[in-house]
Structures are given as structure tokens and as C-alpha cells.
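Everything on this sheet refers to the single structure shown next.
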Amino acid sequence: MGQEAIERISGRGCVLRGDDIDTDRIIPARFLKAITFDGLGEGAFLDDREAAKGNHALDDERFEGASILIVGGNFGCGSSREHAPQALMRFGFRAFIGASFGEIFAGNCTALGLPCVTLDGADLEALMESVELDPGQQIQIDLQEMTVTSRAGSVHAHIPPGTRIQLVEGTWDGTRALLDAGDAIEEAAGRLPYVAGF
Amino acid sequence: MSQPATLFDKVWDAHRVLDLPTGQTQIFVGLHLIHEVTSPQAFAMLRELGLPVRFPLRTFATVDHIIPTDSQIRPFSDEVAESMMSELERNCRDHGIQLFDTASGHQGIVHVIGPELGLTQPGMTIACGDSHTSTHGAFGAIAFGIGTSQVRDVLATQCLAMARPQLRRIEVTGKLGHGVYAKDVILGIIRRLGVNGGVGYAYEYAGPVIEAMTLEERMTVCNMSVEGGARCGYVNPDDATLDYLRGRLYAPEGEAFDRAAAWWRSMASDPGAEYADVVELPGGELGPSVTWGINPGQNLSVDERIPTPADVPDAERPGLAEALAYMDLRPGQPIAGTPVDVAFVGSCTNGRISDLREAARVAKTGNVHSRVRALVVPGSLAVAQQAEDEGLDEIFRAAGFQWREPGCSMCLAMNPDKLSGREVCASSSNRNFKGRQGSPSGRTLLMSPAMVAAAAIHGKVVDVREVL
């Protein structure tokens, strides 16, 4: 559990095109049969990759070593499995740039310190094309300035305001921040008729 | 007199512990449900932090995802499943958490047993490490799925840090036609608003069609809110809600029930409350729905044809092509007549007694097609018992359906119930994602339980209105 402030992330990008990529595809359910998250990196997109017979973005040697996954719309929709961001993190990704994200997936990413930032449509397309043409380039996500910078230029990025503060202030580890409420938790509970007793 | 407020506003405000420096709200979680798949790592994190479970009496556990549905005798033949079950037992024992295992008589899918035990009540906040927690919104609760790190947060603090979503009211008007069910309503909503239309929103379902629904039907609608991108969806509590709750194991009794009922009713949205968005859907226009693609929004009425590239906006064409290639379906082809290999009635979407009754009505009309493997999996031990008391199990068996023991079964393939190869499954579950039912090339057609039973008998997708 870290409290590291995450202000900037730089690295090479991997472009995974397509909308509505669900968490069952990110990590097939059979990999959830375990009581730890260990070894999940090997399962990342495994069925999609096998079906693509080497033509999947995660197997594309141009993107080897990439730490920023660039995706389309509604990425990570579906199941709440934290195994999905855990698998992508263990595969080597540290941040995600997309058109939009499934809400539970994005929340799970925040809890692991992995930013999910969104770009406007034309900016995202330009970034994807730029990285596809020049996969060796460095991409920078700046959560202070809220920009994504690549050879396609520097564009405005979006992230929910509370999430941004959690990441840049290093309070993305939820438990600690919530424990700070102290007795206010019991007080709030006591005001609820169903907790106090009808 | 205060401003008219929505149920969402009232529940949110009642559960607010404090405003966090991030601008998010620290929300108290009234009911926390856990299962064997997404909780073990959360307990491990808690042990690492040396923290206790803060409110052990507000967490309840069951086993559903990995439990086999052929024989539930311990130890399970699958060693990994057995180890996950043992870990859940150990964690519940160590922390004083009530576990509804098979021996308790209350085991079942977490979203089936919460309501049936009366744990799920109006005005609550409910969280569970499972995206279909939205189901509990049927009672007028704010219920949402969370990840494992958040399960840890709830165990340690009984709280979550949440950003307030916008609220969209979805009014389903008119009256549903013959052979059209709650499943068709939610599939219709997702088709209309899209699988990401609800991102950033909570959904309030309302209007005559929703008001006329039983609580079980409302659960089916709320269950698939998440397939429409909305993390939670709810229906305002009314007489039907109170009637459902009266006499349930964990519901208040006697005068306490009356006091509870008054509070529950007070939490309903006020007339004149404001919504960020209001959408109207004419219920009478809905037919029995079937999915043709690889997300739940890719559905149509059984009497329609699969879209062609010309029917969809440019942006949707790659998705259409990908879906049709995976499904091996042709544009412009009628969905009716599509052959099926497997039929599955069950899941947290459609594994309740009313679902089994509707499937059994259809099962009486014939025998399972010789090519089809058909499973009926009750959502809980209580559902199984009720069905057996009504003789539904005999109807299913006589027609050639397998009558199984309760669990998530073939919805998500974390247990022995799976598709193999390119099998096509008519399924009453909630997700038709690539590989969802356990075979990386398996194909899923989502539909109502009655439509599944009809497909099982005819060996292909048929219009249930012509069978009933």
C-alpha cells in the first residue's frame, strides 16, 4: 500500500483500438479462481491474444515495454473484478488514456494508483495515430497540468476532480483517508434508523 | 417544507459521514455483502495492515461464483474452488461475519439471498465486490459494485469515498405486451441509451410499467443497470416493496416494521424533484429481446433482423463487424431461427422463483431439442425449495432440462458449467461478452427465461409469444 504522489507518468504507449472492451476480456474468469492476485499478468487479454494469433496490441513488438495503454470508449466495462487492473499493472501498465472508462474499473485503478485519463475524440485519435506511426516516442501524462503530451502535441486531458486530487496528493489508498474520520463513522451510523434500531 | 428531493439525494445525505478534502463524500455503507472471489485479497490486505473489521455485523457472506451445481458436497472436487471456500470460511470465522453456506439453508447467489432474507431494505447504502450489486436498488436502496481494494475499505471502515453521480429518471410508459418481461425492458433501455450511456449516472426507474412490476421483476431491471454503464439503479419503494419485506428473516417485526415502513416511504423521491435527465421509453413497443452481438446493447426484438452496416452510424460499424464476425451471424438475417446448442436459465438476473415459473410454463409445451443441453439453476436454496414445492423441478426434468443446485453457474464460468468450443447459448444471464461463458469462442444470446426455455425446446431462437 503506497501513499506515493502521482503527478506525472511518462513512458511509451501501446494502442489497443476498439470500444466496450470488458473486464472478462481483460482477464478471463478462470484466472479469478485464486485467493491472491499473484501471476495475473500472464492472463492479461489471454483469450483475445490467442484468438488474434499474435496480432494483438499486447503482442505487437513495436509496443513492447510500453507502460501507457491507449484505448477507446467504455474500456473496462462489465464485471467489478479488480483482477482486471491488477493484471494490466502486472503486465507493465502504469496508466490508461482513453475515450471513457467503466466506472468500477476506473475506481479500481485509482485504488492501485493507476490514472485513467480521458481525451476528447479528435485528440485521442491523433494520439493513437501518432503512437502507431512512432511507437518509440515518450508520452507524458501530467496530472498537475491535466495534459497528455506526445509528438502529436500537448492536449487537455480529463479525470474526475476528486480522483485527480487523490492521485496528486498521494491519498489514493482509500483505507487511510477513510480511517481519518475516526468516531464520525460511528456517529453517522448511529443517526441511521436501521442501524440504531427501528 | 424543504425542497423536493430524490431518493438518491435523501439516501446520500443520510449516509454522509463527511466531505473529504478531495471533494468526494465519505459514505457509510449500511449493508456489505461478500463472496468467495473478490474478498480473500481484501482480508489479506486487512491482515497486513493489522486492522479489524469495523462493523462485522453489517457484513454478510455467501458462496456463489465457484460453487459447483451438480454436487455441493464438501470437499468440492475442484481443489481451487475448495481452497476459496475454505478461505471464506476462515475469514468469516476470524472476523465474526455471518456466512450463509449450504449448511445454513440460506446459500445462494449474493443478489438473490440479500433480498430474500430481508437484508436488503429501502433507504440503505449497499456495497458488494460484484458489479451486479445494482440489483438491490429494486428496493429503493443505493447499491453498487466495488473492487477488492474497496472491499478492504468497507471491511476496515464501513465507508467508501464516492463522487456523487448525476441522476437520470427513466420512465417506462404504457403496458408490456404478452410474452414481454422485465428482461426485455432493461435490454430495451440499454439498446436505447447504449452500454456506456449510464457512465457518470445513477438511474431511477419509474413509470407505469415499473410500478406494475413485482419486486423480482424490478430486481431484473436494476440488476442490468451496470450493463448500461450506470453503477447503480433503483426503484422508489411502494406498497409492493413493503409487502415483499414483511415477514422476511432480517426485516423488522411488529410495530418496528411499521416504524421502518414509515421511514422507507419517506425516502422515496418527492414529486417535483429535479433530475439531470429524464428519458421516456414506451413499454408497449417492446418485444421479446435477443442479443445478436458481444455486448448487451447489441439486441433487438425477436421479430427483427440483424442490422446491416447501412443501419448504424459510422462510428458503430467497426463494432458491428467485430460482433458479427465473432458471432458468425450475417447482417440483415432474422435473429429468429438462429440455432442454439445450450440453454441456461438462472443467474442473479433471472434465477428467482418467478423466472423459473415462466420458464416452466414454456417447458410444459414440449421436450428439449435433441441437440440442446439445457440447465435450470435456481438462484438460491430457498428458490430451489420453493420450486420443488411447486413441482417445477419435475416439469423441467420431464421436459429434458437438467435441474441443478444453486449458484452462478454458466453466467460466468468460474465453476464446471461452461460452454465448449463455438457453442451458442440461449441464456437468461446478463453478459454476452466474448468468452464470458467459459469458452474463448463461445457465443451467448441473452434473453428472458421464457425465451430461453422456448429456444431449448425448438433448438433455435423462437418468438415466445407464439409458444405461450
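Numbers restart at 1 for each chain; the letters A, B, ... are given by sequence-line order, proteins then strands. Just so you know, these numbers use all the heavy atoms, side chains as well, and skip hydrogens, waters and symmetry mates.
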Original post:
Can you tell if the side chain of B:Asn196 reaches within under 4.5 Å of the side chain of A:Cys77, non-hydrogen atoms only?
Top reply: no

Original post:
Is there a side-chain contact between A:Leu178 and B:Gln158, using heavy atoms and a 4.5 Å cut-off?
Top reply: no

Subject >> Under 4.5 Å from any heavy atom of chain B - which part of A:Leu112 >> reply: side chain

**OP:** Please check if any side-chain donor atom of B:Asp130 sits under 3.5 Å from a side-chain acceptor atom of A:Ser80, or the reverse.
**Re:** no

Original post:
Is B:Arg436 salt-bridged to A:Asp47, cutoff N-O under 4.0 Å?
Top reply: no

Original post:
Does any heavy atom of chain A fall under 4.5 Å from the side chain of B:Phe55, the backbone, both, or neither of them?
Top reply: side chain

Original post:
Judged by modelled atom types alone, do B:Thr38 and A:Glu82 share a side-chain donor-acceptor pair under 3.5 Å?
Top reply: no

Original post:
Which atoms of B:Gln41 come close to chain A, meaning under 4.5 Å heavy atom to heavy atom: side chain ones, backbone ones, both, or neither?
Top reply: both

**OP:** Select one option (side chain, backbone, both, neither) describing which atoms of A:Ala51 are under 4.5 Å from chain B's heavy atoms.
**Re:** neither

Subject >> NZ/NE/NH1/NH2 to OD/OE distance under 4.0 Å, A:Asp22 and B:Lys434 >> reply: no

Original post:
Are any non-hydrogen side-chain atoms of A:Arg30 and B:Lys418 less than 4.5 angstrom apart?
Top reply: no

Original post:
Strictly by modelled atom types, are A:Gln166 and B:Gln24 linked by a side-chain donor-acceptor pair under 3.5 Å?
Top reply: yes

**OP:** Please report the C-alpha distance between B:Glu82 and A:Lys33 in whole Å, then the side-chain angles of each, then the deciding distance to 0.1 Å, and finally whether the salt bridge (Lys or Arg N to Asp or Glu O under 4.0 Å) criterion is met.
**Re:** CA-CA 10 Å; B:Glu82 176 60 27; A:Lys33 285 183 68 179; over 6 Å; no

Original post:
Between B:Trp264 and A:Phe198, what is the ring plane arrangement, given parallel below 30°, perpendicular above 60°, and tilted in between?
Top reply: perpendicular

Subject >> Contacting moiety of A:Leu192, where chain B heavy atoms sit under 4.5 Å >> reply: side chain

**OP:** Side chain from CB out, backbone as N, CA, C, O: work out which of these in A:Thr36 comes under 4.5 Å of a heavy atom of chain B, or both, or neither.
**Re:** backbone

